[in-house]
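Remarks on the structure that follows.
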Amino acid sequence: LEPQRAQPWLAIANVHASAKRWDQAGEALGRARQADGNDRAVALAQGDLHAAAGRPAEAARSYAETAARHPAWAEPMIRKGMVHQQAGERSAAESAYRDAIRRGEAQAAVALNNLAWMLAEDRRALNEAAAFARRATELAPTEPMFFGTLARVHAARGDKQAEAAAAQKAEELRKRR
């Protein structure tokens with residue numbers, strides 16, 4: 001073990017977290033931060049640890065802190081959005097996804113997709129949802145889940161032809177995997 005490097009400590013934290021030994025995972029993560037507090041993987045790991053331990057508020061707070069330290073990076077806000085979405089906090093999820101998109105659309109295909117899905121489920125802002133879903137498929141043209149979302153948005157808009165085309169593309173991509 002090289003105590004001056006963050007990655008070995010991060011690996012140890014992940015082993016402890018996978019065994020639900022949250023305290024030991026936190027200790028190893030603290031050592032990873034001491035070794036390299038600027039490492040992006042280490043920065044996300046704190047939020048991931050809270051999320052895995054069933055502490056969504058702490059996870060969201062940790063992701064927000066990471067996002068503040070890395071203002072051009074979308075990933076912390078994507079994860080924050082996911083935590084809020086899983087907790088049923090739709091408004092907070094939408095806000096986090098929109099922030100992720102503003103930070104770097106090219107990095108934010110997941111945020112675009114998830115926001116499109118939420119808007120379609122809520123049957124609101126469907127034109128915006130369609131634009132988000134289309135952009136996600138442009139950024140990740142081999143991701144079947146994104147074409148599934150596009151189909152869902154078209155269904156919510158009542159466009160059966162576009163829904164069928166997107167659903168067919170999603171199925172074709174699934175078969176290729």
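Among residues two or more places apart in sequence or in another chain, the side-chain contact (heavy atoms from CB on, under 4.5 Å) test is passed with R177 by E143, P144. R33 is linked by a side-chain contact (heavy atoms from CB on, under 4.5 Å) to L29, V42, Q46, counting only residues two or more places apart in sequence or in another chain. Residues meeting the side-chain contact (heavy atoms from CB on, under 4.5 Å) test with Q24, sequence neighbours left out: H16, R21. In terms of the salt bridge (charged side-chain N to carboxylate O under 4.0 Å, His left out) criterion, residue partners of E171 (sequence neighbours excluded) are, by chain and number, R174. When the salt bridge (charged side-chain N to carboxylate O under 4.0 Å, His left out) test is applied to R135, the partners found at least two apart in sequence or on another chain are E105, E138. With sequence neighbours left out, the side-chain contact (heavy atoms from CB on, under 4.5 Å) criterion links A87 to E89. Checked against salt bridge (charged side-chain N to carboxylate O under 4.0 Å, His left out), D36 has no partners two or more places apart in sequence or in another chain.
Other residues sharing a hydrophobic cluster with I101 under the 4.5 Å side-chain heavy-atom criterion for ILVMFWY residues are I78, M82, Y97, V110, L112, L115, M118, L119, F132, L139, M145, F146. Hydrophobic cluster of V15: no remaining members, since no ILVMFWY side chain lies below 4.5 Å from it. Under a 4.5 Å side-chain heavy-atom cut-off, the cluster of Ile, Leu, Val, Met, Phe, Trp and Tyr residues that includes V83 is completed by L44, Y63, W73.
Sorted by first and then second residue, the pairs that involve residues 75-88 and meet salt bridge (charged side-chain N to carboxylate O under 4.0 Å, His left out), not counting sequence neighbours, are D48-R79, E75-R79. The stretch residues 118-131 participates, sequence neighbours left out, in these salt bridge (charged side-chain N to carboxylate O under 4.0 Å, His left out) pairs: R90-E121, R90-D122, E94-R124, R98-E128, D122-R124.
Side-chain contact annotation: R157 with N127, donor-acceptor N/O pair under 3.5 Å present.
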